[in-house]
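Take a look at the structure set out below.
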Amino acid sequence: MTVTIPPSVFTPVTGEEPPSLYLHIPFCKSRCAYCSFNSYACQSPPAAYLAALADQIRYWSGHAWCRERTFATLFIGGGTPTIYSGSELAGLVRQCLESFNFSKDPEITVEANPNTVSVQLLTALRRAGVNRLSLGVQAFSDRLLAGLGRSHTVAEADLAIKAARRAGFANINLDLMYGLPGQNAAAWRDTLARALDYDPEHLACYELTIEDGTPFAGLVEKGELALPAEEEALAMGDLTHDLLARAGLARYEISNYAAPGRECRHNLNYWRNGAYLGLGAGAVSCLSGFRFGTVKDPEAFTGLVQAGKLPFAEAECLPLAARFRESVVMGLRMLGGVSCAQLCRQFGLTPTGYYGNILEDLQQQGLVVVSDEGLRLTEDGLPVANQVLARLV
Ligand code: SF4
């Protein structure tokens with residue numbers, strides 16, 4: 001499909017936050033039973049995909065929208081980016097840093113799975129400028145990892161974290177999951193305690209959700225997957241905030257916790273509904289309200305790029321009210337909430353004026369609070385965030 005970017009989005013507006021750059025690597029060694037991400041199992045990822053990605057970096061770095069802006073973060077996610085070698089990934093990072101304008105101290109993150117890293121690979125990433133590593137650890141229990149269909153063990157997670165420190169990573173995130181089949185609050189407490197032993201700068205703690213089309217969804221349908229009861233899962237959530245707060249990791253987003261100053265800048269830009277350019281199969285971009293996605297299948301993506309075509313799949317120009325609602329819903333994910341003054345400056349709309357009775361109702365139920373600083377979820381609102389946000393979409 002042909003996509004024409006409206007000229008109105010080209011010129012940066014006053015006060016616009018710097019955009020983020022995302023590269024997607026859609027390959028994993030095997031597929032986890034709960035996964036709904038755009039990823040494909042393969043043992044040896046194709047060099048042609050990296051060449052296509054490099055081509056897209058060249059194309060977009062010369063694009064007027066990018067030339068007018070200075071990027072603040074680069075995030076290589078997946079899939080499992082570290083399924084490629086250290087030198088291949090380092091080459092991508094260097095190409096991005098040389099091709100786009102970046103701020104003086106960009107945050108550069110690479111996602112990795114424990115059984116795909118070594119000190120050599122991680123050292124190559126550090127040398128290329130990667131300063132943040134996000135490791136998909138999920139659980140410190142081989143039994144639970146096997147149940148999730150993860151391709152690594154606890155011992156491999158331990159080696160990976162130690163290797164990252166040896167390679168010089170001083171900013172590490174560990175992804176963890178709770179609400180797993182066969183997990184209780186005591187087992188989750190054990191995973192959190194084991195994770196804290198490594199003094200991570202950041203933890204992302206997600207409750208398992210069953211997504212349509214995944215093997216887990218099929219098992220649930222057949223009544224063959226026993227998930228923890230709702231109260232047990234809520235207890236795991238409460239445990240998380242208490243334990244991590246005591247360890248000095250403050251909750252700053254519904255599922256994310258960080259040491260002071262270690263909040264993920266890339267994701268903060270996303271939750272603030274800032275602009276981002278996403279390159280690679282299935283990646284989505286949002287350039288000042290103009291959103292487009294690329295084809296999901298990596299072979300189709302590579303083929304289109306090789307044929308000299310842009311691999312677009314869909315595009316839409318979001319109306320102002322839709323962008324306003326999105327900013328509210330995304331912003332409420334952060335514990336600090338969303339600034340009403342900023343919303344008014346950006347969209348000429350305020351939450352109270354726009355939502356009227358809906359917001360009043362949520363306030364009366366004690367789920368949100370509107371103050372001079374802005375709109376945010378309350379302590380009671382956070383555990384039921386999804387229901388609250390659904391009313392504001
Ligand atoms: S490692 Fe991540 S992206 Fe890959 S299959 Fe598992 S959940 Fe999906």
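We count ligands from 1, going down the list as the structure has it; atoms in each ligand are counted the same way.
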Enumerate the atoms of ligand 1 whose separation from the nearest heavy atom of Y34 is less than 4.0 angstrom.
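That gives atoms 7 (S) of ligand 1.
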Take atom 4 (Fe) of ligand 1 and tell me which protein N, O or S atoms are nearer than 2.8 Å.
->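 Hits for atom 4 (Fe) of ligand 1 below 2.8 Å: C28 SG.
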Looking at non-hydrogen atoms alone, which of R150, Q138, E111 comes nearest to atom 2 (Fe) of ligand 1?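 Selected option, by shortest heavy-atom distance: R150.
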Atom CD1 of I172 and atom CG of L122: how far apart are they, to the nearest 0.5 Å?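 That separation rounds to 8.5 Å.
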Handout entry: Residues E156 and R150 bridged, charged N to O under 4.0 Å
Key =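 No, no charged N to carboxylate O under 4.0 Å.
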**Request:** State whether the number of non-hydrogen atoms from other residues, nucleotides or ligands found under 6.0 Å of Q387 atom CD is greater than 12.
**Result:**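 Yes, the 6.0 Å shell around CD holds more than 12 heavy atoms from other groups.
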Given R246 and D242, is the salt bridge (charged side-chain N to carboxylate O under 4.0 Å, His left out) satisfied, shown in steps? CA-CA 6 Å; R246 272 190 265 136; D242 294 350; 5.4 Å; no
query: Without hydrogens or angle criteria, can the side chains of Y40 and N38 be said to hold a donor-acceptor pair below 3.5 Å?
result: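 The answer is yes; a qualifying pair exists.
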Q. How far apart are the C-alpha atoms of F292 and W60, what are their side-chain angles, what is the distance that settles it, and do they pass the ring pair (Phe, Tyr, Trp, His ring centres under 6.0 Å) test?
A. CA-CA 14 Å; F292 56 91; W60 281 101; 5.6 Å; yes
Donor-acceptor list for residues 328-337 side chains, cut-off 3.5 Å, not counting sequence neighbours:
residue, atom, partner, partner atom, Å
R333, NE, E253, OE2, 2.6
R333, NH2, E253, OE2, 2.9

